[in-house]
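To start, the structure under review is shown below, and the notes come after it.
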Protein chains: 2
Amino acid sequence: MENIISKYKDKGIRLTPQRIAILKFLEGNTDHPAAEDIYRKVRRRYPTISFATVYNTLQTLTEKGDLLEITIDPTRRHYDPNTTPHHHIVCTDCNEIMDVFVDYSDVLTLPSHVLREFKPVGNHVDFYGVCRKCQKKKGGEN
Amino acid sequence: MENIISKYKDKGIRLTPQRIAILKFLEGNTDHPAAEDIYRKVRRRYPTISFATVYNTLQTLTEKGDLLEITIDPTRRHYDPNTTPHHHIVCTDCNEIMDVFVDYSDVLTLPSHVLREFKPVGNHVDFYGVCRKCQKKKGGEN
DNA sequence: CTCTTATATTAGAATTATTCTAATATAGGG
DNA sequence: CCCTATATTAGAATAATTCTAATATAAGAG
């Protein structure tokens, strides 16, 4: 936590108690929370926190490059404090998301006619699968 | 168009004029339209069509496996009538989406600890880049 | 060709995620 | 300890999608 504070002291972002709570919740979190998950958790300690604060903070962190927005669930944005390049596998049944730490950048090459139209700046692989819990659930349905 | 009709005759989906109009709009379309794009277009010929009809039809087609939902723009779902496995590159500036027809399945392997938790069923690569139009626009900003 | 009914369409309301607003509060440098 | 630029807040606004329940119709049966 001290590290969080020192990390942001200079970046021109004010460390309010609400922001510190959000940062603490996010730090090391691998659950890929949505804004509402963060709101629910932080509200336990700061009952008057508003969604605007949560969204503002998430946007600020994203702009500073300390948070990634994950667009893999069509119903809501998820956030990932791990900003090292990595990928995700989502359960097609329950939408659980797991990290995939493999660097595919060498093999994800683009054909020249695409490169003629786009200057690539990054990539992200969405894997789809069925998690163990849902495999069991489905097996039981037969 | 005859092909569309015969294609759906048996599938247990009724061919209403609205659905035919949606199918015709989608057939061969590579623009990755959102529901609203489809609604606007079809409304020109069927001014009373409702969003419910558009969404219902898109869902039906998706369930029949004849349409793909693309989750790459956090603000809305896009649809792709090309159901052969392929990928997309999105402009980070204007959100234009272009198809990428490359089969990466051989190289997109997953580590064993992921395979222990998930049974993979597919994958999709999101490439991010800047399209030519926006490159020019940005160049002009300096 | 007409009847029948299961299925589709419709207008509009409801829901849900996200953004906006404008009034109030406060972090943190001086 | 002040000052003020920035943050927080409640609540309204917006926008995509889903729901509802009344009405219409595709298409198979006769």
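We name chains A, B, ... by the order of the sequence lines, and we start the count at 1 in each one. When reading the values below, keep in mind they use all heavy atoms of this one structure, side chains included, and skip hydrogens, waters and symmetry mates.
- Relative ring orientation between B:His87 and B:His124 is described as tilted, the plane-to-plane angle lying within the 30° to 60° band.
- The side chain of A:Tyr55 contributes no N or O atom lying less than 4.0 Å from OP1 or OP2 of C:dT19.
- The interatomic distance linking B:Leu15 (CG) with D:dG28 (C1') rounds to 15 Å, in whole Å.
- With hydrogens and angles ignored, the 3.5 Å screen pairs a side-chain donor or acceptor of B:Arg19 with a backbone N or O of B:Arg14.
- Other residues, nucleotides and ligands place more than 12 heavy atoms under 6.0 Å from the NZ atom of B:Lys64.
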Counting primed atoms, P, OP1 and OP2 as sugar-phosphate and everything else as base, the B/S/- map of nucleotides 1-15 of chain C against protein heavy atoms under 4.0 Å is -----BBSBBB----
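- Between the side chain of B:Asp31 and the backbone N or O of B:Pro33 there is no donor-acceptor pair closer than 3.5 Å.
- Between the P atom of C:dA27 and the CG atom of A:Leu23 lies a distance of 15 Å, rounded to the nearest Å.
- Taking five base pairs at each end of the helix from C:dC1-D:dG30 to C:dG30-D:dC1 and finding the rotation axis that steps the C1' atoms of four pairs onto the next four gives two axes whose angle is 30°, to the nearest 10°.
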Do A:Leu58 and A:Leu26 pass the side chain to side chain contact (heavy atoms under 4.5 Å, CB included) test, and can you show the C-alpha distance, the side-chain angles, and the key distance before you say yes or no? CA-CA 10 Å; A:Leu58 294 174; A:Leu26 287 174; 4.2 Å; yes
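- A heavy atom closer than 4.0 Å to some atom of DNA chain C occurs in A:Thr75, A:Arg76, A:Arg77, these being the qualifying members of residues 71-78 of chain A.
- As a whole-Å value, the separation of A:Lys64 NZ from D:dT6 C1' is 12 Å.
- In this structure, the side chains of A:His113 and B:Met98 come closer than 4.5 Å at one or more pairs of heavy atoms.
- Remark: the backbone N or O of A:Ala52 is not paired with any side-chain donor or acceptor of A:Tyr39 at under 3.5 angstrom.
- Considering only heavy atoms from C-beta on, B:Thr92 comes within 4.5 Å of A:Val121 through its side chain.
- The two atoms that bring B:Cys91 and B:Cys131 nearest to each other are SG-N, 3.4 Å, heavy atoms only.
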Step by step, would you call B:His32 with B:Asp73 a side-chain hydrogen bond (donor to acceptor under 3.5 Å, both in side chains)? CA-CA 11 Å; B:His32 310 88; B:Asp73 171 354; over 6 Å; no
